[in-house]
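Structure first, commentary second.
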Amino acid sequence: MVAFQDLFRQSRGQPVEYDGKIIKMSDRIEIEKNIDIIINFDKVSSPWIQGINLKTKGYFLVEGERLEKSIVLWSDTSPTRPHFSVVSTDGILWVKNVWDMGDGVMQSWHAGGAMIVEEFKNVRRYLCNDGELDDDFDDLIFTLEIDRSSQHSI
């Protein structure tokens, strides 16, 4: 099995084609500077704890708490459908899948780590492969929805 980290190293971190699909290390989304996001954890199929790391220049408002620059949502402790705000100074949201092999250390981007991103109008569906050297892309499947009905000014 090919290690996706080797393909990403060769492409200098850019998306690559694998088995007829475009795979990514992370996803860059252009967003309004103040937007609400809804995540839906659809499926976890891994012996390891799966999660999502979101980053922006700015902050996240999660249940009234301001979290600077980055948040991690773990599939085993997060609500099934978390809803929160992103206040971004540059209008960019970065998304990547992460995993914990049971030692409390957040892992990403190495060995088999990769994601396929399916884009729809206000929703992106992520099919994620964790660090295990396989290519099933079902270790974590989630959607990220931009909730345009609740836009508000900064």
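The CG atom of Asp136 lies 5.0 Å from the CG atom of Asp139; values are rounded to the nearest 0.5 Å. Annotation: the span from Ile49 atom CD1 to Asp100 atom CG amounts to 4.5 Å, rounded to 0.5 Å. Considering OG of Ser75 and CH2 of Trp48, their distance stands at 13.5 Å, rounded to 0.5 Å. To the nearest 0.5 Å, the span separating CG on Leu93 from NZ on Lys57 amounts to 13.5 Å. We find the CD1-CG distance between Ile52 and Leu73 to be 5.5 Å, quoted to the nearest 0.5 Å. Rounded to the nearest 0.5 Å, atoms CG (Asp42) and CD1 (Ile141) are 7.0 Å apart.
Within 6.0 Å of CH2 in Trp109 there are 12 or fewer heavy atoms belonging to other residues, nucleotides or ligands. The number of heavy atoms from other shown groups lying within 6.0 Å of CD (Glu68) is above 12.
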Trace of the side-chain contact (heavy atoms from CB on, under 4.5 Å) decision for Lys21 with Glu17: CA-CA 5 Å; Lys21 297 188 171 146; Glu17 186 173 337; over 6 Å; no
Evaluate side-chain contact (heavy atoms from CB on, under 4.5 Å) for Lys69 paired with Thr56, printing each intermediate quantity in order. CA-CA 5 Å; Lys69 299 180 186 176; Thr56 195; over 6 Å; no
When you look at Ile29 and Trp94, which way does the side-chain contact (heavy atoms from CB on, under 4.5 Å) test go after all the steps? CA-CA 6 Å; Ile29 307 171; Trp94 288 95; over 6 Å; no
For Phe120 and Arg125, run side-chain contact (heavy atoms from CB on, under 4.5 Å): C-alpha distance rounded to whole Å, both residues' side-chain angles, the deciding distance at 0.1 Å, then the answer. CA-CA 8 Å; Phe120 306 97; Arg125 184 171 185 238; 4.2 Å; yes
Is there a side chain to side chain donor-acceptor pair (under 3.5 Å) between Lys33 and Ser88? Walk through the geometry before answering. CA-CA 5 Å; Lys33 293 191 175 184; Ser88 177; over 6 Å; no
Run the side chain to side chain donor-acceptor pair (under 3.5 Å) test on Asp134 and Asn129 for me, step by step, so that the C-alpha distance in whole Å, both residues' side-chain angles and the decisive distance to 0.1 Å come before the verdict. CA-CA 8 Å; Asp134 60 25; Asn129 208 58; 3.3 Å; yes
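Met115 and Cys128 make their closest contact through CB-SG, 4.2 Å (heavy atoms, listed as atom of the first residue, atom of the second, distance). The two atoms that bring Asp36 and Ser85 nearest to each other are OD1-OG, 2.5 Å, heavy atoms only. The heavy-atom pair separating Ala111 from Gln5 by the smallest distance is N-OE1, 2.6 Å.
Residues Asn97 and Gln50 bring no donor and acceptor atom of their side chains to less than 3.5 Å of each other. With no hydrogens or angles considered, a side-chain donor-acceptor pair links Ser70 and Asn53 at under 3.5 Å.
Between Tyr18 and Phe4, the two ring planes are perpendicular [angle over 60°; tilted spans 30° to 60°].
Proximity of Leu140 to Phe41: side-chain heavy atoms (C-beta onward) are separated by under 4.5 Å at one or more points. Side-chain contact between Gln107 and Val105 is present, with at least one heavy-atom pair separated by less than 4.5 Å. For the pair Ile39/Thr143, no side-chain contact is recorded, criterion being any heavy-atom separation below 4.5 Å from C-beta on. In this structure, the side chains of Ile116 and Ile22 stay at 4.5 Å or more apart for every pair of heavy atoms. In this structure, Ile23 and Phe8 have side chains that are in contact, with non-hydrogen atoms separated by less than 4.5 Å. Looking only at side-chain heavy atoms (C-beta outward), Val72 and Val98 come within less than 4.5 Å of each other. Phe142 is listed as a side-chain neighbour of Val95, based on a closest heavy-atom distance under 4.5 Å.
Phe84 and Tyr126 fall within the same hydrophobic cluster, defined by Ile, Leu, Val, Met, Phe, Trp and Tyr side-chain heavy atoms under 4.5 Å apart, directly or through other members. Clustering ILVMFWY residues whenever any of their side-chain heavy atoms sit less than 4.5 angstrom apart, transitively, puts Leu7 in the very cluster that holds Met25.
Note on Arg28 versus Glu30: salt bridge recorded, some NZ/NE/NH1/NH2 to OD/OE distance being below 4.0 Å. Residues Glu145 and Arg81 are paired through a salt bridge, judged by an N-O separation under 4.0 Å between the basic side chain and the carboxylate.
The one candidate from Val117, Leu144, Leu54 that meets the side-chain contact (heavy atoms from CB on, under 4.5 Å) condition with Asp27 is Val117.
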